[in-house]
J.: 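Just passing along the structure, written as structure tokens.
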Amino acid sequence: MASKRKWDQAAPEAGEVDTPSAKAVKVEDGKTASEAAAAAAAIAAKIAAQFANSGGIGGGSKDPHDGDFIHDIDINDLRNRYLLTKGSTQQQIHEDTGASVSTKGVWYPDRSKATEKDPPLYLHISATSKEMLDKAVAKVNELINMDMGSLVEDKSSRVRERRKWPEEKIPIGIESIRNFNVRAKVVGPSGMFVKYIQAETGTRVQIKGQGSGFVDQDTGHEHDEPMFIHVTGPDEQQVQRAKALTEDLLEVVRSEHEKMKTVLQQQQMELHQAQVQYAAYSGYGVCMLRSCLSLLCASLIWPSSCHYIVSVCISMWCIRSHVCV
């Protein structure tokens with residue numbers, strides 16, 4: 001059977017209408033209504049006074065973990081709020097002053113959107129004594145007034161301030177000669193020698209300077225100084241170790257370079273001797289040819305003027321051929 005709805009019930013009789021006596025406020029024994037209202041107002045005033053003295057921002061009830069003295073500081077619009085809300089910062093304040101610091105509220109870029117339930121970002125400070133609270137507040141104000149510099153990172157300054165690794169420059173000091181590529185000899189087959197030094201020391205080894213093929217990013221061309229080996233790394237001891245290995249490598253390359261110079265000098269001497277011998281044999285043959293032609297001309301019945309012309313022609317040919325006349 002369906003229950004009757006409120007609006008289906010009959011209206012109450014005139015005699016059944018609630019009278020003031022039915023809903024009268026119950027008053028404690030021995031107190032009138034006015035005395036009860038006064039007592040309630042006094043309690044409300046006491047609570048309001050306690051909250052006002054606490055300097056609260058959130059508007060909520062008192063935290064049961066709070067001390068007897070509390071204070072709130074609005075940090076929503078402060079540039080240093082990033083520092084103030086860090087756990088390490090608040091822990092340091094607690095160690096220095098004994099007061100507890102916590103972050104409450106919500107950060108609003110536009111604080112006009114804040115509500116009573118979610119107030120703007122603030123610090124809540126709680127202490128067991130007035131002196132402790134004052135020290136904590138002073139510490140927070142000190143951090144608020146601290147100059148934090150630019151909040152936007154300057155990449156160019158970051159590059160300038162980057163810690164510079166220790167480095168060494170080892171001159172190669174070997175001149176280029178025929179059939180001896182200095183850079184290839186230092187680097188080794190497929191870069192084997194340089195890769196070995198890098199793997200052993202954890203450093204970076206590069207061939208730079210004239211003829212190295214290394215192009216500087218800032219200038220767009222090779223370094224103007226003679227070819228050298230540049231060693232750099234994060235550890236000074238490893239850089240020195242790489243330098244020692246590099247100098248050992250250069251000693252071997254210089255030794256090969258001296259051997260190649262000796263071979264080239266010997267080849268040049270042999271070539272010079274061959275040229276001298278060739279010139280001597282060529283001169284001897286031409287002289288013999290000149291003598292034979294002279295005898296032939298003398299045996300022929302020619303005028304003396306013809307003999308003279310033939311002799312001059314043979315002499316000029318010998319001179320142009322760089323042989324004896």
Side-chain angles (χ1 to χ4, degrees), residues 23 25-28 31-164 234:
K23 291 185 179 181
V25 178
K26 183 178 181 181
V27 181
E28 296 182 7
K31 291 186 179 180
T32 62
S34 59
E35 291 176 346
I43 294 173
K46 183 178 180 180
I47 294 175
Q50 290 178 350
F51 181 77
N53 292 334
S54 68
I57 293 178
S61 59
K62 183 178 179 181
D63 192 329
H65 300 288
D66 281 344
D68 296 333
F69 298 87
I70 60 175
H71 186 76
D72 294 338
I73 301 178
D74 189 337
I75 62 171
N76 188 83
D77 300 328
L78 298 180
R79 295 177 68 249
N80 293 8
R81 62 180 177 272
Y82 306 104
L83 174 64
L84 296 169
T85 55
K86 289 177 64 176
S88 57
T89 302
Q90 296 176 1
Q91 179 63 28
Q92 186 63 43
I93 295 175
H94 174 68
E95 293 177 357
D96 293 343
T97 65
S100 298
V101 183
S102 58
T103 304
K104 294 191 176 183
V106 180
W107 179 71
Y108 292 93
D110 181 6
R111 65 180 303 127
S112 63
K113 297 181 180 180
T115 63
E116 183 178 357
K117 181 180 179 182
D118 295 317
L121 191 68
Y122 68 95
L123 289 183
H124 181 71
I125 306 175
S126 172
T128 57
S129 66
K130 184 68 165 56
E131 181 182 3
M132 191 181 297
L133 179 66
D134 292 341
K135 288 183 179 179
V137 172
K139 189 68 176 179
V140 170
N141 289 331
E142 180 182 341
L143 295 175
I144 289 175
N145 297 325
M146 181 185 296
D147 184 12
M148 297 294 292
S150 176
L151 295 180
V152 179
E153 183 180 13
D154 187 356
K155 294 184 178 180
S156 60
S157 64
R158 181 181 64 181
V159 173
R160 289 194 300 269
E161 295 174 359
R162 183 181 300 168
R163 186 175 69 89
K164 189 175 182 180

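Because only heavy atoms are used, hydrogens play no part in the values below, and waters and symmetry mates are left out as well, while side chains stay in.
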J.: Is there a donor in the side chain of Thr103 and an acceptor in the side chain of Gln90, or the other way round, less than 3.5 Å apart?
T.: yes
J.: How close do Met132 and Thr97 get, counting heavy atoms only, and between which atoms?
T.: CG-O, 2.9 Å
J.: Starting at NZ of Lys135, measure out to CG of Leu133 and round the result to the nearest 0.5 Å.
T.: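 Separation between the atoms: 12.0 Å.
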J.: Give a yes or no answer on whether the side chain of Arg81 reaches the backbone of Leu78 with a donor-acceptor pair at less than 3.5 Å.
T.: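 Answer holds: yes.
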J.: Quick one: do Asp134 and Lys139 make a salt bridge, cutoff under 4.0 Å?
T.: no
J.: Are the side chains of Val140 and Ile93 in touch, meaning some heavy atoms are under 4.5 Å apart?
T.: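 A side-chain contact exists here, since the closest heavy-atom pair is under 4.5 Å.
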J.: Is a side-chain N or O of Asp74 found less than 3.5 angstrom from the main chain of Tyr122, in a donor-acceptor match?
T.: no
J.: Quick one: closest heavy-atom pair of Val106 and Asn76, and the distance?
T.: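 Heavy atoms only, the tightest pair is O-OD1, 3.4 Å.
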J.: With a 4.0 Å cut-off, would you call Asp77 and Arg111 a salt bridge?
T.: yes
J.: Working to the nearest 0.5 Å, report the span between CG of Leu84 and CZ of Arg79.
T.: 12.0 Å
J.: Does any non-hydrogen side-chain atom of Ile70 lie less than 4.5 Å from one of Ile125?
T.: no
J.: How long is the span from the CD1 atom in Ile75 to the CG atom in Leu123, to the nearest 0.5 Å?
T.: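 So the gap between those two atoms works out to 4.0 Å.
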J.: Checking His94 side chain against Ala99 main chain: does a donor-acceptor pair fall under 3.5 Å?
T.: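 It does hold such a pair.
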J.: Find out whether Met146 and Leu83 are in side-chain contact, i.e. whether some heavy atom of one side chain is under 4.5 Å from a heavy atom of the other.
T.: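 Yes. Closest side-chain heavy atoms under 4.5 Å.
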J.: Check the pair Thr85 / Leu121 against side chain to side chain contact (heavy atoms under 4.5 Å, CB included), numbers first and verdict last.
T.: CA-CA 10 Å; Thr85 55; Leu121 191 68; 4.1 Å; yes
J.: Where do Lys113 and Asp118 land on the salt bridge (Lys or Arg N to Asp or Glu O under 4.0 Å) test, with the steps shown first?
T.: CA-CA 10 Å; Lys113 297 181 180 180; Asp118 295 317; over 6 Å; no
